[in-house]
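Just follow the structure's listing: the first ligand is 1, and inside any ligand the first atom is 1. Quick note: numbers below take in every heavy atom, side chains included, and nothing from hydrogens, waters or symmetry partners.
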Amino acid sequence: MELHNKPAHALHTMLKNKEISAVELAEEVFKHIDQTESKIGAYVTLTHDEAVNAAKVVDSKIVNGEEIGVLTGIPCAIKDNICTKGIKTTCASKILENFVPPYDATVMTKLNAVNPVILGKANMDEFAMGGSTENSGFHVTHNPHDLDRVPGGSSGGSAAAVASGEAIYALGSDTGGSIRQPASFCGVVGLKPTYGRVSRYGLVAYASSLDQIGPITKDVTDCAHVLNVIAGHDVMDSTSSTAEVPDFTKSLVADVKGLKIGLPKEYFIEGMDSEVESAIRNAAKTFEKLGATLKEISLPHTDVAVSTYYLIAPAEAATNLERYDGVSYGERVDGVDVVDMMKNTRSKLFGEEVKRRIMIGNYALSAGYYDAYYLKALKVRTLIQRDFTEAFGDVDVILAPTAPTAAYKIGEMISDPLKMYLQDICTVPLNLAGLPGISVPCGMTSNKLPIGFQLIGKALDEATIIKAAYTYEQANK
Ligand code: GLN
């Protein structure tokens, strides 16, 4: 197997045994990027020279006999809404086209402590708004399994990079499914941690009560390693959890005996692709064969999750995006006076989807409509949270599809935003409830497109979903 297709833990062994050097590894991945990037378009920015310099530092550590971590010297991609000191962070928006953060996001500080090799910044839907990466202000990313199809989104660049070998692993962000859904469309593993498990400091805010950063990896083992590095309390993020962080690699044990798995009937919806449904049901049978018990459960407010999400997320987005006014930072389009300048800046530099959300959000928050829309959505959010609390009285984890279909064609949904929003039905409830979820590949459609299932865990119980995901992966090797 070529180096760029290997998981981080396998490359780590090769680095440690001096079978390869970190510079050789970085150069091999860049060579592959040179060959494939024109077809995939996974990146907004590539940082070749910085990557090679970082790899040289790793090589000297290895030569000096220093201990290296599993992610040390491993080439990775970072979603372009995560602030990287000295490296452009655009959010795939024209309004931040030349923004170079003067500081690192906390996840970058943590990652840099283990000496990674950062290949570049991955493409995304502008400000993480979307599910196909077609809303990028710069270019569309293509699904490595079928170049005519979307990679999913909004972390489509991150998932496509990992799936195509243009990165060994990546960081993404998930506000309503943006790690799990592209992982599922691209046939890789993606985990959204519990809200608060990973610091949001330095993640450009979309919807602050929903956003979480998480890993996109080639397998479950790498997922545990990445989560180990990025998780933990951060004084810079007041919503970050103070709960102790377990060593997630301890969950890499193949054992689901006695695990109670719930299958929510509302997630197997009408309009769901039949091949996706049978792949998820087969995965459930595999778990049963491995010793888990299955139970049908109900999450009765699932049908209102999408409408709830599409009020809360735009409301928070409208507020968060007020700061792009052409004054403090970001690009500016001049006008005759300051108001005209702000108007020009925002109307010319934000894309259609971002403007649509700002309008929905401001409408939902405006006097006279606040109670009817935003406040109501907050109440329904509580009901959705309660559904999960009740379900977790009976089961340890919940198994569901990650998305109702496999990857769709580029252009197929972009003119119909409502249709695209409905695609988020399986992922948004977890964000509304703050729960962790992992998407794991579980087969292919007859068109050779990846399908993923999602395991949903109790709050702060990433360990159990990682263990179950690992067990499934080992059984299907
Ligand atoms: N597709 C969802 C949206 O457009 C989710 C995005 C995300 O998780 N960042 O809001």
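- Qualifying salt bridge (charged side-chain N to carboxylate O under 4.0 Å, His left out) partners for D125, counting only residues two or more places apart in sequence or in other chains: none.
- Look at S154 and you'll find a heavy atom under 4.0 Å from some atom of ligand 1.
- Summary of contacts: the protein heavy atom closest to atom 5 (C) of ligand 1 is Y309 OH, 3.4 Å.
- Under a 4.0 Å heavy-atom criterion, M420 is not in contact with ligand 1.
- Scanning all heavy atoms of the two residues, the minimum distance from L203 to S173 falls at CD1-CB, 3.9 Å.
- With ring centers used as reference points, Y310 lies under 6.0 Å from Y421.
- With hydrogens left out, the protein atom closest to atom 6 (C) of ligand 1 is S178 OG, 2.9 Å, a heavy atom.
- With a 6.0 Å cutoff to the six-membered ring centre and a 45° limit on the axis angle, R281 counts as a cation-pi contact of F268.
- Of the options D424, T427, V428, the smallest heavy-atom separation from atom 1 (N) of ligand 1 is shown by D424.
- Residue-ligand proximity, Y206 to ligand 1, at heavy-atom distances under 4.0 Å covers atoms 3 (C), 9 (N), 10 (O).
- Under a 4.0 Å heavy-atom criterion, Y421 is not in contact with ligand 1.
- The six-membered or imidazole ring of F453 lies near that of Y472, with a centre-to-centre distance under 6.0 Å.
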